[in-house]
Amino acid sequence: MKIATWNVNSLTVRLPRLLDWLPVHTPDVLCLQETKIDDARFPREELARAGYDALFSGQRTYNGVALLLRSGLPPATDVVTALPGFADEQKRVIAATVAGVRVIDFYVPNGQAVDSDKYAYKLAWCAAATAFLRAELARAQRLVVAGDFNVAPEDRDVHDPAAWAGQVLCSEPERAVFRDWLALGLADSFRLFAQPERTFSWWDYRQLAFPKNRGLRIDHVLLSEPLAQSCRGCRIDRDARKGEKPSDHAPVIVEIA
DNA sequence: ATGGCTGCTTTGAGCAGA
């Protein structure tokens, strides 16, 4: 099974690139974030023609998540689109059970700046997410958490750790959340394998950040123990950040035996 | 030093992203 995650930064703008990408990489499940599109406008038919069914929880302008499921998989079950007990207008979660795997797609809040209301919202959202993951792990052995976590877990995930020290995406409380999630019994699939130094998943659109490789690794795929044991690889598709009209994020692709 | 790109918005300057 191949599972991937990609923050597309507008599904409307990125649809041509997504339709090019899908047949090359053929994920069984693709978790999307920042679709920025109403459910009524979701490009269901274009994706069906590309061989993918979709589950989505969207809104216009901001946020929005979706699961693309390769046609021919058994029907997805137990779809969830909110964190229990956390009232939220923002569409940042979609989960479903697909072919015996519980797939959870998160678009974690950005947090803007550590002294902002948005940062407090991020930490509150993450606390609710921790409780959700604990409950989900109690029910599902085979579980994936994939998405844009908006956290660079360690300094090696940051192009310039000194410049980013204590800043949003790298602050200690955010990194503590990431470690909390690992402590629930999840593995960072990327770190199960040897990886090139300075591998990132997001690069600012400005200042030639991508050609200079000034990025952060903030998009992640976490695996429960049984899936970690059968994981065959994890890589970031840097090529998807190249060319015309790229998202500022690159996809992360995981293969499970 | 600043803002530097991109996408979005009852269209256009301002917000948000990260």
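Atom set for the values below is all heavy atoms of this structure, side chains included, hydrogens, waters and symmetry mates excluded. Labels below follow one simple rule: chain letters A, B, ... track the order of the sequence lines, proteins then strands, and each chain is numbered from 1.
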Novice: Is any side-chain nitrogen or oxygen of Tyr62(A) closer than 4.0 Å to OP1 or OP2 of dA18(B)?
Specialist: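 So the side chain of Tyr62(A) is outside the cut-off, no N or O lying under 4.0 Å from OP1 or OP2 of dA18(B).
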
Novice: Please say whether the positively charged group of Arg92(A), taken as NZ for Lys or CZ for Arg, lies over the ring of Tyr107(A), i.e. under 6.0 angstrom from the six-membered ring centre and within 45 degrees of the axis.
Specialist: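 Verdict for Tyr107(A): a cation-pi partner in Arg92(A).
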
Novice: At under 4.0 Å, does any side-chain N or O of Asn9(A) touch on OP1 or OP2 of dC5(B)?
Specialist: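 No, Asn9(A) has no side-chain N/O under 4.0 Å of OP1/OP2 on dC5(B).
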
Novice: Would you kindly give the CG-to-P distance between Asp204(A) and dC5(B), to the nearest whole Å?
Specialist: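 Distance check: Asp204(A) CG to dC5(B) P gives 9 Å.
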
Novice: Could you tell me how far apart His249(A) (NE2) and dA18(B) (C1') are, to the nearest whole angstrom?
Specialist: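 In whole Å, dA18(B) C1' lies 7 Å from His249(A) NE2.
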
Novice: Would you kindly give the CD-to-P distance between Gln90(A) and dA16(B), to the nearest whole Å?
Specialist: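 After rounding, the gap between these two atoms is 11 Å.
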
Novice: Which part of the nucleic acid, if any, lies within reach of Gln167(A) when heavy atoms closer than 4.0 Å are counted: base, sugar-phosphate only, or nothing?
Specialist: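 No contact.
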
Novice: Do any side-chain nitrogens or oxygens of Arg14(A) fall under 4.0 Å of OP1 or OP2 in dG7(B)?
Specialist: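 Affirmative; the distance criterion is met.
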
Novice: Specify the separation, in whole Å, of atom CD of Glu34(A) and atom C1' of dA18(B).
Specialist: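 Taking CD of Glu34(A) and C1' of dA18(B), I get 9 Å after rounding.
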
Novice: Please determine, for the side chain of Tyr205(A), which listed nucleotide (dT6(B), dA18(B), dC8(B)) has the closest atom?
Specialist: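 Nearest to the side-chain atoms of Tyr205(A), counting from C-beta on, is dT6(B).
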
Novice: Between Gln59(A) (CD) and dT9(B) (P), how many Å, whole number?
Specialist: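 Result: 11 Å.
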
Novice: Asp219(A) near the nucleic acid: base, sugar-phosphate alone, or nothing, with a heavy-atom cut-off under 4.0 Å?
Specialist: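 Counting heavy atoms under 4.0 Å across all strands, no contact is made by Asp219(A).
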
Novice: Between C1' on dA18(B) and CG on Asp157(A), what's the gap in Å once rounded to a whole number?
Specialist: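 That distance rounds to 15 Å.
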
Novice: Can you tell me the distance, in whole Å, between the CZ atom of Arg214(A) and the P atom of dG4(B)?
Specialist: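 Rounded to whole Å, this separation is 17 Å.
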
Novice: Using atom P in both nucleotides, what's the gap between dT2(B) and dT11(B) to the nearest angstrom?
Specialist: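 About 32 Å, rounded to a whole number of Å.
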
Novice: Categorize Asn150(A) for me: base, sugar-phosphate, or nothing, with a 4.0 angstrom heavy-atom threshold over every strand shown.
Specialist: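 Sugar-phosphate, no base atom in range.
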
Novice: Side chain of Ser10(A) only, heavy atoms from C-beta on: which candidate in dA18(B), dG7(B), dG3(B) is closest?
Specialist: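 Taking heavy atoms from C-beta onward, the closest nucleotide is dG7(B).
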
Novice: Would you kindly give the CG-to-P distance between Asp248(A) and dC8(B), to the nearest whole Å?
Specialist: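 It is 12 Å, rounded to the nearest whole Å.
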
Novice: Of Asp148(A) and Thr35(A), whose nearest nucleotide on DNA chain B comes first from the 5' end?
Specialist: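 Here Thr35(A) is the residue nearer the 5' end.
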
Novice: Report the relative orientation of the aromatic rings in Trp202(A) and His249(A); use parallel for angles under 30°, tilted for 30 to 60°, perpendicular for over 60°.
Specialist: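 Rings of Trp202(A) and His249(A): tilted, 30 to 60°.
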
Novice: On a whole-Å scale, what distance lies between the P atoms belonging to dA1(B) and dG12(B)?
Specialist: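 36 Å, rounded to whole Å.
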
Novice: Taking the six-membered ring for Trp, are the ring centroids of Tyr119(A) and Trp125(A) within less than 6.0 Å of each other?
Specialist: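 No, the ring centres sit 6.0 Å or more apart.
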
Novice: Tell me, yes or no, whether the heavy-atom count around Lys91(A) atom NZ, taken from other residues, nucleotides or ligands under 6.0 Å, exceeds 12.
Specialist: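 Count not over threshold, so no.
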
Novice: Just checking, is any N or O donor in the side chain of Tyr121(A) or Gln90(A) under 3.5 Å from an acceptor N or O on the other one?
Specialist: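 Yes.
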
Novice: Tell me, yes or no, whether the heavy-atom count around Glu45(A) atom CD, taken from other residues, nucleotides or ligands under 6.0 Å, exceeds 12.
Specialist: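 No, the 6.0 Å shell around CD holds no more than 12 heavy atoms from other groups.
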
Novice: Any idea which of dT9(B), dC5(B), dG7(B) is nearest the Val13(A) side chain?
Specialist: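 The nucleotide sitting nearest to the side chain is dG7(B).
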
Novice: Once you apply a heavy-atom cut-off of 4.0 Å, does Ile218(A) come out as touching a base, just sugar-phosphate, or nothing?
Specialist: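 Here Ile218(A) touches the backbone only, sparing every base.
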
Novice: Over all strands shown, is Tyr107(A) touching base, sugar-phosphate only, or nothing at heavy-atom distances under 4.0 angstrom?
Specialist: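 Sugar-phosphate contact only.
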
Novice: So if I take every side-chain heavy atom of Lys245(A) and compare against dG17(B), dC8(B), dG7(B), which nucleotide ends up nearest?
Specialist: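 Nearest to the side-chain atoms of Lys245(A), counting from C-beta on, is dG7(B).
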
